[in-house]
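Values in this document were obtained by computation on a predicted structure and should not be read as measured data.
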Amino acid sequence: IIQTKNRKMHKIKVGGTLGGNATQKILTQREKEVFELLIANYSTKEIAKLMNISDKTVRNHISNVMLKLGVKGRAQAVVELLKLEELTLE
């Protein structure tokens, strides 16, 4: 179990008028944990060890988030997640 500072999941409105107030989480809990550790300056290997998963799984979580956000790098993903209030700096 990993203790992270902020486990609150933020929601955003998504397009469309069918549902009116449809909301969707951007990050899964595991993706959020990975990115919280990334911004806390942990390496991919350190994150893998802390979360008891493989390095490849950590990289997959990062890649999945980058695809969801339509960005090309980890740093850009962090910036977007901060803008969307999915992550916070403390």
Side-chain angles (χ1 to χ4, degrees):
I1 298 175
I2 297 173
Q3 292 291 334
T4 56
K5 293 181 181 179
N6 183 359
R7 291 186 172 263
K8 183 178 178 185
M9 294 297 288
H10 296 276
K11 295 181 179 181
I12 60 165
K13 286 189 177 184
V14 293
T17 56
L18 294 174
N21 290 333
T23 58
Q24 179 180 354
K25 295 176 186 177
I26 295 174
L27 299 179
T28 66
Q29 186 61 40
R30 295 297 267 181
E31 290 168 345
K32 184 170 180 146
E33 290 171 1
V34 167
F35 271 85
E36 286 175 337
L37 292 168
L38 274 177
I39 63 174
N41 208 29
Y42 285 89
S43 70
T44 302
K45 284 187 176 190
E46 291 169 329
I47 293 169
K49 187 173 182 179
L50 285 168
M51 295 180 72
N52 199 29
I53 57 179
S54 72
D55 294 4
K56 177 66 175 152
T57 301
V58 173
R59 291 192 306 273
N60 286 344
H61 285 310
I62 294 166
S63 294
N64 289 340
V65 171
M66 289 168 40
L67 284 172
K68 288 180 188 182
L69 297 172
V71 298
K72 294 181 181 179
R74 295 175 181 205
Q76 197 176 1
V78 169
V79 169
E80 291 301 317
L81 292 169
L82 289 169
K83 285 181 185 177
L84 294 168
E85 298 181 353
E86 284 282 328
L87 296 175
T88 56
L89 294 175
E90 295 185 25

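Across every non-hydrogen atom of Phe35 and Leu87, the tightest pair is CB-CD1, 3.8 Å. Between Ala48 and Asp55, the closest heavy-atom pair is CB-OD1, 3.3 Å.
Using a 4.5 Å cut-off on side-chain heavy atoms (C-beta onward), Glu46 and Lys49 make no contact. Taking the side chain as every heavy atom from C-beta outward, Arg30 and Met51 approach each other to under 4.5 Å.
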Residues 64-78, side-chain donor-acceptor partners within the protein, below 3.5 Å, at least two apart:
| residue | atom | partner | partner atom | Å |
| --- | --- | --- | --- | --- |
| Asn64 | ND2 | Asn60 | O | 3.2 |
| Lys68 | NZ | Ile26 | O | 2.8 |
| Lys68 | NZ | Glu31 | OE1 | 2.7 |
| Lys68 | NZ | Glu31 | OE2 | 3.3 |
| Arg74 | NH1 | Thr44 | OG1 | 3.3 |
| Arg74 | NH2 | Thr44 | OG1 | 3.2 |
| Gln76 | OE1 | Lys72 | N | 3.3 |

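Every residue meeting the side chain to side chain donor-acceptor pair (under 3.5 Å) condition with Ser54, not counting sequence neighbours, appears here in chain and number order: Thr57.
Leu82 is connected to Leu27 through a chain of hydrophobic side-chain contacts under 4.5 Å among Ile, Leu, Val, Met, Phe, Trp and Tyr, so both are in one cluster. Leu89 and Leu81 fall within the same hydrophobic cluster, where Ile, Leu, Val, Met, Phe, Trp and Tyr residues are linked whenever their side-chain heavy atoms come under 4.5 Å apart, directly or through other members. Note on Ile62: it clusters hydrophobically with Leu84, by side-chain heavy-atom contacts below 4.5 Å among ILVMFWY residues.
To the nearest 0.5 Å, atoms CG (Leu37) and CG (Leu50) are separated by 6.0 Å.
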Report task. With side-chain contact (heavy atoms from CB on, under 4.5 Å) as the test, would you mind laying out the steps for His61 and Ile47 before giving the verdict? Result -> CA-CA 11 Å; His61 285 310; Ile47 293 169; over 6 Å; no

